Visitor: 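Right, I'll just put the structure down here and ask away after.
What you see is a predicted model, and the numbers here were worked out from it, not measured in a lab.
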Amino acid sequence: MAFAPLAREYRGNTLDLTHFGYLVIVDENGKVLYSVGDPDDIVFYRSASKPVQALPVIARGLDRKFGLTEEESTIFAGSHAGEAFHIAALESILEKSGLSEDMLVMKPAVPSYTPANEERIRRGLAPRKLYHNCAGKHAALMLLQRELGGEVRDYWKMGALCQQEVQRAIEIMSETKRVELGVDGCGVPVFAVPVRCIANAFKNLAAPEHIQDEDLQRATVEFVPRIHKYPHMMRGTGYLCSLINEDPNIVGKGGANGVYGFALKREKIGVSFKFTDGTEHLWPMMVKEVLKGLGCLSPETEARLETLHPYNIYNDNDTLVGERRPCFEVKI
């Protein structure tokens with residue numbers, strides 16, 4: 001593996017941490033325009049694959065078949081934080097489609113959004129499977145598994161009909177047959193591809209005319225505008241994955257252990273990065289630096305990113321104690 005420094009953290013004037021990883025930027029044809037580290041090294045998508053995994057459900061019209069709203073279907077691509085509107089959408093999806101919460105394979109969880117979890121505690125509510133951040137993806141997989149004629153409760157298994165269909169979408173959108181499999185934190189298969197191929201997938205979400213499959217192309221054209229219309233369904237209040245998709249020119253999604261993908265629609269550029277130590281708190285800095293380097297950082301998106309304090313390090317007393325600095329400069 002050939003990764004390289006991406007960011008450094010300073011406490012006072014002293015270097016405290018160096019974070020290594022990969023950064024890849026591709027054009028609309030998948031040509032690598034800029035990279036840090038080897039763009040052909042394999043990394044797991046984790047939840048960054050969710051916008052791609054949602055496409056087979058949309059391509060088969062299962063959202064329309066069961067009368068799902070655009071807002072409800074957007075959670076198929078999200079890692080929700082357990083806010084009330086997330087749970088309401090999931091409950092509605094299950095009710096309309098005739099699925100049930102007990103069919104979900106993951107263990108019960110609690111909301112990751114602290115105010116939502118505090119409200120759950122005040123109300124004396126138990127953990128539940130719908131609180132798990134991947135519940136939207138699992139609901140989509142169950143719909144697909146049933147539509148393909150498989151046993152719904154087998155949706156999570158390696159080789160399940162829905163998993164084969166999703167892997168095909170991953171291969172087409174990522175523009176690679178080089179896909180390795182593992183098991184994700186939520187219990188379903190997870191896909192690993194070269195870092196540049198994650199950038200390819202997001203480029204194709206932003207420039208669907210390059211997708212080499214008519215059904216997936218149509219589904220992308222139909223689905224991506226929903227992400228911009230309902231960005232709160234991608235993660236939740238105050239999170240990067242929701243804030244970034246408020247920009248109508250950007251479509252993006254992160255995954256566990258430091259992986260992120262996003263793309264620019266007007267410029268038809270795809271971006272992926274991965275921290276090998278799995279850190280996620282540096283995501284806002286990475287996004288801002290790349291957008292600045294590409295000359296694509298709007299004042300509105302910059303203001304949203306600044307709410308996440310991309311460069312400043314604060315201690316538990318909200319005192320400024322250090323800063324983050326990039327180890328790269330995007331020039332294309």
Visitor: Using a 4.5 Å cut-off between side-chain heavy atoms of Ile, Leu, Val, Met, Phe, Trp and Tyr, which other residues end up in the same hydrophobic cluster as Y239?
Guide: Y113
Visitor: For residues 310-332, pull every pair meeting ring-ring contact (aromatic ring centres under 6.0 Å, His included), keeping only residues two or more places apart or in separate chains.
Guide: H309-Y314
Visitor: For H228, give me all partners under ring-ring contact (aromatic ring centres under 6.0 Å, His included), at least two apart in sequence or on another chain.
Guide: none
Visitor: Should side-chain heavy atoms under 4.5 Å link Ile, Leu, Val, Met, Phe, Trp and Tyr, which residues sit in the same cluster as V321?
Guide: I313
Visitor: Please lay out, stage by stage, how Q163 and Q167 fare under the test side-chain hydrogen bond (donor to acceptor under 3.5 Å, both in side chains).
Guide: CA-CA 6 Å; Q163 297 299 339; Q167 183 170 341; over 6 Å; no
Visitor: Throw together a table of side-chain donor-acceptor distances under 3.5 angstrom for residues 87-95, partners on residues two or more places apart or in other chains.
Guide:
unit_1, atom_1, unit_2, atom_2, d
E91, OE2, R128, NH1, 3.0
E91, OE2, R128, NH2, 3.3
S92, OG, E72, OE2, 2.6

Visitor: Sequence neighbours excluded, which residues qualify as ring-ring contact (aromatic ring centres under 6.0 Å, His included) partners of Y260?
Guide: F273, W283
Visitor: Could I get the full list of side chain to side chain contact (heavy atoms under 4.5 Å, CB included) partners for L125, not counting sequence neighbours?
Guide: R120, R123, Y131
Visitor: Just to verify, what does K157 make a salt bridge (Lys or Arg N to Asp or Glu O under 4.0 Å) with, not counting sequence neighbours?
Guide: D154
Visitor: Restricting to pairs with a member in residues 42-77, which pass ring-ring contact (aromatic ring centres under 6.0 Å, His included), not counting sequence neighbours?
Guide: none
Visitor: Going by the rule ring-ring contact (aromatic ring centres under 6.0 Å, His included), which residues pair with H281 if we only count those two or more places apart in sequence or in a different chain?
Guide: H19
Visitor: Is the side chain of N117 donor-acceptor paired with the backbone N or O of S112 at a distance under 3.5 Å, no angle test?
Guide: no
Visitor: Can you list the residues that meet the ring-ring contact (aromatic ring centres under 6.0 Å, His included) rule with H132, with sequence neighbours excluded?
Guide: none
Visitor: Between N200 (side chain) and S174 (backbone), is there a donor-acceptor pair under 3.5 Å?
Guide: yes
Visitor: Does the Y155 side chain pair with the main chain of V105, one donor and one acceptor, at a distance under 3.5 Å?
Guide: yes
Visitor: Among K229, R235, R304, whose salt bridge (Lys or Arg N to Asp or Glu O under 4.0 Å) with E246 holds?
Guide: R304
Visitor: Partners of D247 by salt bridge (Lys or Arg N to Asp or Glu O under 4.0 Å), sequence neighbours excluded?
Guide: none
